[in-house]
Amino acid sequence: MRNDEIAGMLETLANLLEFKGENPFKLSAYRRAARVLRDQTEDVATLVRENRLKDLPGIGESIEKKIVQALTTGKIEKLTEVLKAVPPGVLRMMEIPGVGPRTAAQVHEKLGINTLQEFTRAARSGKLAGVPGIGAKKAEGFLGAIKFAKASSRRMLLGEALPLAERIVAQLEERGVRGALAAGSLRRMCETIGDIDILAAGSASGKIIGAFTKLPEVRRVLGAGGTKASVVMESGVQVDLRVVPPESFGAALQYFTGSKAHNIRLRAMARGRGLKLSEYGVFRGNRRVAGRTEEEVYRALKLPLIPPELREDRGEIEAAQKGALPKLVALGDIRGDLHVHTKWSDGRNTIEEMARAARALGRKYIAISDHTRALKIFGGLDVDGLMKEIAAVRAAAKKLRGIALLTGTEMDIRADGTLDLPDAALAKLDFVTASVHSAFRQDKEKMTQRILKAIANPNVDCIGHLTGRLLGRREGYAVDVEAVLKAAARNGTAVELNANPLRLDLTDQACRRAKELGVQVVINTDAHSTEDLQLMRYGVATAQRGWLEKSNVLNARATPPKGKSGGK
DNA sequence: GCCGTTTTCGGCCCGACTGTTTTCAGTCG
């Protein structure tokens with residue numbers, strides 16, 4: 001059973017117990033444990049086998065027992081028990097925005113409602129409005145929420161959310177709102193974003209809220225008070241705006257950036273020091289001792305400023321206390337792009353066009369890396385084609401100043417782990433990336449062996465998009481990431497962090513594991529057009545979330561890499 | 001249920017908005 005499956009069971013358990021009115025602190029204990037499990041790159045099964053499960057924060061005796069149960073029997077006894085006692089539809093009901101455990105319990109007790117369908121019917125018929133705490137307005141609101149949830153349950157990609165937020169901030173600026181910033185999971189550069197949080201400083205909050213709710217792309221105003229407003233944009237995305245006084249801006253930015261887990265830790269630390277931390281500042285009694293900037297807030301807690309990308313309660317607070325925060329790689333450190341497609345396979349631009357566009361972005365080298373023959377539908381090259389492309393790359397290189405062109409390929413790893421072109425051809429190339437593009441449904445053992453075989457080949461410099469996931473569309477293939485990273489470390493093979501916002505593969509946590517194991521990460525755009533070369537920012541952001549420093553990133557080196565086997 | 005610079009027992013983050021309840025509970029972030 002996968003980590004996220006067990007985490008999901010613990011979360012369900014928490015939700016059900018919440019419905020039953022169980023001690024709220026017990027629930028947060030389950031939820032915290034679930035989050036810690038999701039954060040692990042190592043399989044829970046491994047941790048159990050090596051008796052290291054209880055080393056994880058938030059996992060004690062009782063939860064350990066439940067995890068072991070899940071692994072050995074596929075079930076958690078307590079969950080099974082509670083599932084029997086709670087009507088199955090209440091979890092669905094609690095997913096409606098505005099319906100929490102208390103409301104769900106009331107509706108169940110007073111009206112005997114057990115399913116989302118019954119809930120919807122009761123809301124329409126007016127029955128729901130008779131339940132204590134629910135009036136006509138709330139019932140109507142629930143109906144709207146149900147309809148809306150059906151239309152837009154999907155999370156946005158970082159690559160969609162960031163440009164949208166930047167557009168909204170620019171529009172606010174045109175209307176006289178200065179210094180607005182996106183906070184939330186977007187500022188932490190999470191791979192997917194639920195909704196967008198924007199923060200503005202100012203005293204004329206009514207004016208700012210008014211400007212915001214009247215922006216051209218706003219479809220519906222969900223709510224607007226004195227300091228905050230929520231709207232739904234034409235695209236279906238929810239955007240929240242908060243307006244705070246300048247003396248609280250840093251504290252608010254800190255608070256609304258999160259993560260929740262990070263903030264809870266900070267607030268507990270503040271309490272320990274006799275302080276109170278809220279979105280309005282750090283207070284000693286009634287006196288505000290910090291709040292104008294984030295630096296101030298962290299300093300009041302005797303911490304250096306922690307970069308937003310690290311704020312997940314994954315050890316960044318402890319590192320900050322020890323003065324051991326990583327010096328994160330930055331977009332400006334990136335010198336090359338080692339995975340770029342052209343018209344020679346399925347790219348839209350020529351070698352020269354890609355090179356010029358990369359040079360304009362400040363890249364010093366790129367590796368032309370087209371597909372190989374197994375991907376015939378994508379124009380994959382055979383040996384003959386590849387040799388011709390090498391000649392074309394060299395010819396283009398002669399014409400261009402200021403950027404080096406490397407010969408390369410995105411070599412297909414076939415289902416049996418053999419490579420799509422012979423070693424003699426690969427040996428002629430400057431940089432070989434090898435990727436899986438077929439037989440995604442192989443079991444974990446087979447898939448892992450397949451990739452390990454490619455890693456062992458001295459001509460393979462890097463493994464491309466390791467899990468093959470497409471966010472929101474396709475699960476990654478089953479592969480033992482830990483085993484692959486360890487083999488990469490042994491063989492001196494690099495691993496790709498594919499910067500395409502649909503992939504971001506390696507994940508942040510896998511990047512961090514690569515760093516621990518001493519594996520070099522290559523951040524590539526996998527560009528199929530000149531515009532795609534700009535996707536690098538998303539890859540760098542994910543690398544930052546993975547604690548990577550410049551020295552961990554192969555294409556942050558000033559000179560092009562010559563492959564693990566040395567100059568070819 | 002977890003955990004220990006406040007603790008092996010007694011804590012566990014804080015505030016805004018909404019609707020409805022005439023003084024606040026529930027939900028959300």
Can you tell me the Watson-Crick or wobble partner of dT8(B), both distances under 3.5 angstrom?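 Paired with dT8(B), as far as the under-3.5 Å criterion goes, is no nucleotide at all.
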
Mind checking [X] for me? I need base, sugar-phosphate or nothing, with any heavy atom below 4.0 Å counting as a touch.
{"X": "Gly184(A)", "result": "nothing"}
{"X": "Asp240(A)", "result": "nothing"}
{"X": "Ile134(A)", "result": "sugar-phosphate"}

CZ of Phe256(A) versus P of dC14(B): gap in Å, rounded?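 Rounded to whole Å, this separation is 15 Å.
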
Ile317(A) CD1 to dC13(B) P, straight-line distance once rounded to whole Å: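 So the two atoms are 13 Å apart, to the nearest Å.
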
Crowding at CG, Asp55(A) (>12 non-hydrogen neighbours, <6.0 Å):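 Yes - once you tally the heavy atoms of other residues, nucleotides and ligands closer than 6.0 Å, there are more than 12.
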
Could you measure between the two [atom1] atoms, the one in [N] and the one in [M], and give it in whole Å?
{"N": "dT8(B)", "M": "dC3(B)", "atom1": "P", "answer": "16 Å"}
{"N": "dC14(B)", "M": "dT22(B)", "atom1": "C1'", "answer": "26 Å"}
{"N": "dT18(B)", "M": "dG11(B)", "atom1": "P", "answer": "35 Å"}
{"N": "dT6(B)", "M": "dC13(B)", "atom1": "P", "answer": "14 Å"}
{"N": "dA16(B)", "M": "dC9(B)", "atom1": "P", "answer": "38 Å"}
{"N": "dC12(B)", "M": "dT7(B)", "atom1": "C1'", "answer": "12 Å"}
{"N": "dG1(B)", "M": "dT5(B)", "atom1": "P", "answer": "23 Å"}

If you compare every side-chain N and O of Arg267(A) against the phosphate oxygens of dC13(B) (OP1, OP2), does one of them come in below 4.0 Å?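 Negative; the distance criterion is not met.
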
Examine the base of dG29(B) for any acceptor or donor lying under 3.5 Å from a partner atom in the side chain of Tyr255(A), and report the outcome as yes or no.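 It does, because a donor-acceptor pair links the side chain of Tyr255(A) to the base of dG29(B) below 3.5 Å.
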
Member of Arg314(A), Arg545(A), Arg513(A) meeting the salt bridge (charged side-chain N to carboxylate O under 4.0 Å, His left out) criterion with Asp39(A):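 Only one of Arg314(A), Arg545(A), Arg513(A) forms a salt bridge (charged side-chain N to carboxylate O under 4.0 Å, His left out) with Asp39(A), namely Arg314(A).
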
